[in-house]
Amino acid sequence: MGLSLRRFAASFFSFLTLTFALSAQLKQDAPPATAILGFSPSHAAAEHQLESTFQSIPSPEKAREWHGAFTAEPHPAASDRNNQLADFLADAWRKQGWEDVTLRRYDVLHSRPRSVFLEMIAPVQFTAALREDAYEVDPDMNNPAVSGSYFGYSASGDVTAEVVYAHSGNPEDYDRLRKNGISVKGKIVLARYSNPYSYRGFKALTAEREGAAALLIYSDPAEDGSTRGKVFPDGPWGPESHIQRGAITYDYIVPGDPTTPGWASVPGAKHIAPEEARSLPKILALPLSWCDAKPLLENMDGPEVPLDWRGALPITYRFTGAVKVHVKVDMDTSMQPYTVVEARIRGSELPDEWVLLGNHRDAWVYGGVDPSSGTASMVELTRSLGELKHRGIRPRRTIVVCSWDGEEYALTGSTEWGEQFADELKKKLVAYLNVDESVAGAATTAGSEGLSFSPSAVASLAPMLVEASKDVHAPSGKSLYEAWRATAMRDAKASTPPLDSALVETRIGSGSDHTVFLNHLGRPVINLGFTGDYGVYHSMYDDHYWMLHIGDPAFEYHVALTRIWGVVALRLANADLLPFDFGFNASALEQFLRELEQKNKIEQRRLSLKRLHLRIAEFEKAGELLRNAVARDLLSSTVSPEKIQRLNEQLLRVESNWLDPAGIPGRPWFQHLLYSSRYTYAHLEFPGLTEAVEKQDWKLAGDQAGLLEKAVEKNTRFLKSAQSSWEKNKQ
Ligand SMILES: [Zn+2]
C-alpha cells in the first residue's frame with residue numbers, strides 16, 4: 001500500500017492558510033550555525049562530520065541495481081520469489097556488516113486466487129479479459145508469473161445479477177441511489193477508484209452492509225488514467241487495461257493476520273476460525289480495468305447519473321438498467337508462512353534504545369514504486385551505515401532494520417512482529433522510520449521544482465525532521481528543505497512558501513507499516529517519501545521500466561531519500577537528548593481540537609471542550625519551559641551524561657502515556673488517544689472523541705474528552721517533574 005498516505009496529503013495544505021502561527025516555536029534563541037536539536041555543541045560538530053561522511057556513500061548506480069534485483073520478478077506475499085528475496089536480503093545485510101540478522105516466521109491466513117471469471121450475459125455477451133495488455137518496449141510484460149485481476153481476502157462465490165453503478169461506493173453514494181429509488185440488495189455493485197479517496201476495503205464493507213451480492217471496482221481514466229496525462233509506456237498514468245489489485249481486508253478494525261487479532265502468529269500460536277475474524281470480508285469482490293468495465297457501463301439503459309457522478313469515459317453514465325453479469329471467484333484461503341527479516345547495528349553506548357527502520361518487501365506484481373523503490377533506498381541506506389561501521393563509526397543507540405512481509409494484505413508482517421515484541425518495543429523503541437514508496441512520482445513530468453517531498457510524522461518529531469532536511473541535498477542541487485518549501489508552495493498553488501511549522505503533515509492515517517508502532521504500541525513514527533504523477537499503482541506496469549524511463553531515470557530521488565532517512569536515523573541514534581518537541585506537539589493538538597470544533601459546530605450546551613483546551617495550553621507551556629531550560633544547559637556542555645539519560649527515559653514515557661489500554665470505542669486494538677485512522681484509512685485525530693461527536697453521542701463524547709484531559713494532564717505533570725529534577729540536580 002502507500003498510495004493512501006499520499007492522497008491524504010491534500011488535507012495538509014489547508015493547514016497553510018490558517019493564521020494559527022506555530023513558527024515561533026521552531027526558533028531557538030540564536031543557536032550556533034552548526035547546532036542540532038538534542039546535541040551539545042561539540043557533539044553537533046562531530047555529528048555534522050559523520051553525516052557528511054555518511055551522505056557521500058549512497059550511489060544512484062547501486063540504487064538502480066538494487067531496484068533491478070527486487071523488481072526482476074513478481075513477488076507477492078507467500079510466493080517463492082518473495083521468500084527468496086528474504087534470503088537475498090539477509091545475505092546482503094550480513095555482507096554489509098549488519099549484526100544479528102534473523103528471519104522471523106509467522107504462519108498467517110493468506111488469500112490468493114485459484115480462478116476468476118466475469119462475463120456480461122445481457123443485453124449482449126462479453127467476457128472480461130481480467131488481464132493487462134503487454135507493451136513491447138518493456139521486457140517484463142509477458143512473464144507468466146504476473147497475476148490477473150483479484151482482491152486479497154475476497155470471498156469465493158458464483159453470482160449472477162443485475163449491475164448498479166454506485167459512483168465511489170461510499171455511504172453517501174448509496175443514499176443517493178436510494179433517493180433515486182434504487183436498491184443494491186442482491187445486485188452487483190460497480191464502483192470506481194475513487195472520488196473522494198477511500199480505501200477499497202471500506203468500499204467492500206459498505207457494499208456488504210448494503211446487502212450487495214458482489215462488488216466490482218474499476219479504474220476510471222478520470223482518476224489515474226489518460227485524463228491526467230500520458231499513459232504507460234509513454235507517461236506515468238495508467239493505460240486502458242491497468243488493474244489496481246489490492247486487499248480488501250477490514251484492517252481498520254484490527255490489522256495483521258485476521259485469525260490472530262491482537263497476538264502474534266508465531267509458529268504454534270492459537271488461531272480463531274476465519275468465520276469469527278472481524279477483519280475478513282464476506283463479500284465477493286474483483287478489480288477491473290476501465291476497458292473491462294466500459295462494456296458494462298455503456299450497455300446500461302436506465303436513468304442518467306448527475307454530472308458529479310460522471311467519469312471520463314466517452315459514454316453516458318447511468319445508474320442501472322439491462323446489464324446482467326455473471327462473476328465467479330474461487331480463492332485459496334489457507335495458512336502460509338510470511339517472513340520478516342531483521343538486522344541491527346548494536347549501539348556503542350545505549351544498546352537498549354532502538355531506532356527502527358522498515359519497508360515492506362511484498363508487491364502485488366513487480367512493485368516498481370510500491371514497495372521496491374523504498375527497498376532500493378533502504379538497502380542503499382543499510383550499505384552506507386554498514387560502511388560507517390566498517391570505518392569504526394557505530395551509532396550510540398542501536399539501529400534495527402526490518403523487511404516486512406504481507407504488508408499488502410493486512411499490514412501483516414509488521415503487525416505480527418510488533419505484537420510479538422510489544423513489551424520490549426514499548427520500553428526500547430525511540431522511533432520507527434517507515435518508507436513504503438520512496439519515489440511515488442515521475443521526475444520526468446514533475447517540472448523544474450521536481451517531485452514533492454511529502455513526509456508525515458508525529459508532531460513531537462516534526463521540528464527535528466524539518467531541521468534535518470536543511471542538511472540534505474535535493475536532486476535539484478538546492479537543500480531538501482528549500483525544495484520541500486518550493487514544491488509545497490507549488491502544490492498548494494500558494495504565493496508564499498509555508499511556515500516551517502506547516503511543512504510536516506502531522507495527521508497520520510493508516511495504510512502502511514507504521515500502524516502497529518503508533519496506534520497499538522504508542523511509539524513515535526515518521527513516514528518518508530517523494531510523490532508526483534503516478535497512475536499505475538498495484539498494476540503490472542508499476543515495474544522497473546516505469547522507474548527507469550518515467551519515474552526516476554537517474555535514481556537521484558532514491559538516493560536523496562536514502563540520505564534524509566539516514567540523517568534522521570543517525571540524529572535519533574546519536575543525540576545526547578532525544579529531540580522530541582512537546583511544545584510543538586501541544587500546539588498541533590490545539591490545532592486538531594479547533595478543527596474538530598469548527599467542522600462539527602459543537603454547541604457549548606452539548607459538549608464543553610474548555611477544560612481540554614486549558615489542559616493542552618498547560619502542556620504546551622510545560623513543553624516550552626522544559627525545552628528552553630534544557631537547550632540552555634546543553635549549550636553550556638556541562639551536563640552529565642547520567643542526567644541527560646534520566647531525562648531521555650522520562651521523555652520516552654511521555655509518548656507511551658498517550659495509550660489507553662482499553663482502546664478506542666469499538667476498536668480495542670487501536671489504543672492511541674491522539675491518532676487513529678478512519679475506515680477509509682484517512683487520518684483521524686482524537687479518534688474516540690471525534691467519532692463520538694460525529695455520531696452526536698454527547699455522553700460518550702464527554703467521557704472521551706475526559707480521558708484526553710487526564711492523559712494531557714498526566715503528561716504535563718511528567719514534563720514539569722522532569723524539569724524540576726533537571727534544574728535541581730545541576731549536574
Ligand atoms: Zn506499499
Side-chain angles (χ1 to χ4, degrees), residues 1-9 66-67 70-71 74-79 81-82 85-86 89 147 151-153 193 197 199-201 224 243-249 251-252 255-256 287 338 340-341 357-379 402-415 417 432-441 454-456 508-518 525-532 534-544 546-547 551-552 557-558 561 565 677 681:
M1 272 177 269
L3 186 72
S4 52
L5 288 173
R6 185 165 67 93
R7 290 294 177 93
F8 298 127
W66 295 122
H67 191 269
F70 280 91
T71 58
H75 53 286
S79 66
R81 176 65 183 179
N82 200 44
L85 286 175
L89 195 51
S147 74
F151 279 142
Y153 296 117
Y193 288 114
Y197 178 84
Y199 164 55
R200 69 188 85 73
D224 59 5
I243 298 167
Q244 188 191 127
R245 296 158 189 78
I248 54 169
T249 331
D251 57 0
Y252 37 76
Y338 285 4
V340 170
V341 191
L357 320 171
N359 155 263
H360 73 91
R361 191 176 65 254
D362 62 308
W364 285 106
V365 190
Y366 294 105
V369 166
D370 180 11
S372 303
S373 64
T375 315
S377 293
M378 175 178 70
V379 192
C402 283
S403 165
W404 311 119
D405 202 351
E407 185 272 354
E408 295 292 0
Y409 275 83
L411 316 175
T412 307
S414 56
T415 301
W417 191 85
Y432 171 55
L433 314 180
N434 187 57
V435 174
D436 190 318
E437 306 160 346
S438 71
V439 186
S454 37
S456 61
I508 304 173
S510 185
S512 195
D513 291 304
H514 60 278
T515 304
V516 68
F517 303 105
L518 177 65
V525 302
I526 297 178
N527 279 294
L528 299 170
F530 288 99
T531 54
Y534 172 48
V536 296
Y537 175 64
H538 289 185
S539 79
M540 167 170 84
Y541 310 110
D542 184 11
D543 70 350
H544 190 59
W546 189 96
M547 194 54 84
D552 188 18
Y557 283 94
H558 282 77
L561 202 286
W565 197 358
S677 70
Y681 276 178

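Computed over heavy atoms, backbone and side chain alike; hydrogens, waters and symmetry mates excluded. Every number for a ligand or one of its atoms is a count from 1 in the order of the listing.
Of all the N, O or S atoms in Asp370, the one closest to the Zn ion (ligand 1) is OD1. The N, O or S atom of Asp436 lying closest to the Zn ion (ligand 1) is OD1.
The closest side-chain heavy-atom distance from Tyr338 to Asp362 is not below 4.5 Å. Looking at Thr415 and Trp417, their side chains never come closer than 4.5 Å, going by heavy atoms from C-beta outward.
With a cut-off of 2.8 Å, the Zn ion (ligand 1) has no N, O or S atom of Glu437 in range.
Looking at every heavy atom in both residues, Tyr534 comes nearest to Glu437 through CE2-OE2, 4.3 Å.
Side-chain atoms of Ser512 do not come within 3.5 Å of backbone N or O of His514 as any donor-acceptor pair.
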